[in-house]
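Accompanying notes for the structure given below.
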Amino acid sequence: MPILFARLRPDFPAKRSDMKRFLFLFAVLFTFASANLFAQGKIDLQTGDTILGILQKNVGQVVELRMKSGEKIAGKLEKIGDKLVHLSQLTGAEFFDAAVDVADIEAVVVRTKSK
C-alpha cells in the first residue's frame with residue numbers, strides 16, 4: 001500500500017527523476033575512479049633492486065611472471081616468501097592458485113596504464 005500512496009503525491013515523479021540522475025552520476029564517477037585502480041604506477045627501479053624486491057612492491061596487484069622456461073603465469077600477487085611467490089586468481093584459470101619458485105622468474109610484467 002505505501003507505493004499506492006506514493007504515486008498520489010504530486011512530487012513523487014520529481015524525486016524519482018532525481019534518483020535516476022543521482023544513480024547515473026554515481027555510475028559515471030565510479031567508472032572514472034575505477035579505471036585508475038587497474039593501473040599501477042610505473043616501476044620505480046632502484047640500483048639494488050631484484051626480482052624479489054619488485055615483487056614485494058607489487059603485492060596485491062595483478063602481475064605477469066615470465067619464467068626462464070619461456071612460460072608466462074599471470075595472476076594476483078598474494079604473498080612473497082624467500083623462495084616462493086603465491087599467485088591467486090590465475091589468468092585463464094581463476095579458480096586456481098600457484099606457488100612459483102623465485103629462482104625461476106626471469107621478468108615481472110606490471111600493468112601501468114589503462115585505456
Side-chain angles (χ1 to χ4, degrees):
M1 283 299 195
I3 294 174
L4 182 62
F5 290 116
R7 290 184 182 169
L8 296 176
R9 290 184 5 210
D11 64 337
F12 182 71
K15 286 185 178 184
R16 190 175 205 174
S17 177
D18 288 343
M19 182 60 97
K20 285 182 180 180
R21 285 186 202 144
F22 174 74
L23 289 175
F24 177 74
L25 178 63
F26 179 76
V28 169
L29 290 175
F30 180 76
T31 301
F32 285 118
S34 64
N36 289 331
L37 293 177
F38 296 111
Q40 296 97 36
K42 291 187 176 189
I43 294 177
D44 185 25
L45 193 61
Q46 302 297 321
T47 307
D49 274 346
T50 61
I51 293 287
L52 195 58
I54 297 297
L55 289 170
Q56 288 171 342
K57 291 178 187 177
N58 288 288
V59 171
Q61 305 299 327
V62 175
V63 298
E64 181 179 276
L65 304 179
R66 307 265 173 112
M67 310 305 290
K68 291 179 180 176
S69 64
E71 185 180 359
K72 299 175 188 178
I73 301 174
K76 183 178 177 186
L77 193 55
E78 291 291 336
K79 190 174 180 183
I80 310 297
D82 292 335
K83 297 182 180 185
L84 293 175
V85 174
H86 175 210
L87 290 176
S88 67
Q89 302 172 11
L90 300 177
T91 303
E94 285 76 16
F95 298 110
F96 294 91
D97 285 5
V100 180
D101 191 348
V102 174
D104 293 335
I105 300 172
E106 188 170 86
V108 178
V109 179
V110 179
R111 183 177 181 167
T112 58
K113 292 184 181 179
S114 59
K115 290 183 178 181

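Just so it is clear, the structure is predicted and the values come from calculations on it, not from any experiment.
- Going from atom NZ of K72 over to atom OG1 of T91 covers 11.5 Å, rounded to the nearest 0.5 Å.
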Test side-chain contact (heavy atoms from CB on, under 4.5 Å) applied to L77 and V62, step by step: CA-CA 6 Å; L77 193 55; V62 175; over 6 Å; no

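- By the side-chain contact (heavy atoms from CB on, under 4.5 Å) test, V59 is found to be paired with I80, residues two or more places apart in sequence or in another chain being considered.
- E71 pairs by the salt bridge (Lys or Arg N to Asp or Glu O under 4.0 Å) definition with nothing, not counting sequence neighbours.
- I51 meets the side-chain contact (heavy atoms from CB on, under 4.5 Å) test with L55, I105, V108; sequence neighbours excluded.
- V63 and F96 fall within a single hydrophobic cluster, where Ile, Leu, Val, Met, Phe, Trp and Tyr are joined by side-chain heavy atoms under 4.5 Å apart, directly or via other members.
- Using a 4.5 Å heavy-atom threshold, the side chains of V100 and M67 count as touching.
- For the side chain to side chain donor-acceptor pair (under 3.5 Å) condition, the pairs that include at least one residue of residues 96-108, sequence neighbours left out, are H86-D97.
- Residues passing the side-chain hydrogen bond (donor to acceptor under 3.5 Å, both in side chains) test with Q89, sequence neighbours excluded: none.
- Residue pairs meeting the side chain to side chain donor-acceptor pair (under 3.5 Å) criterion with at least one partner in residues 74-83, sequence neighbours excluded, are E78-S88.
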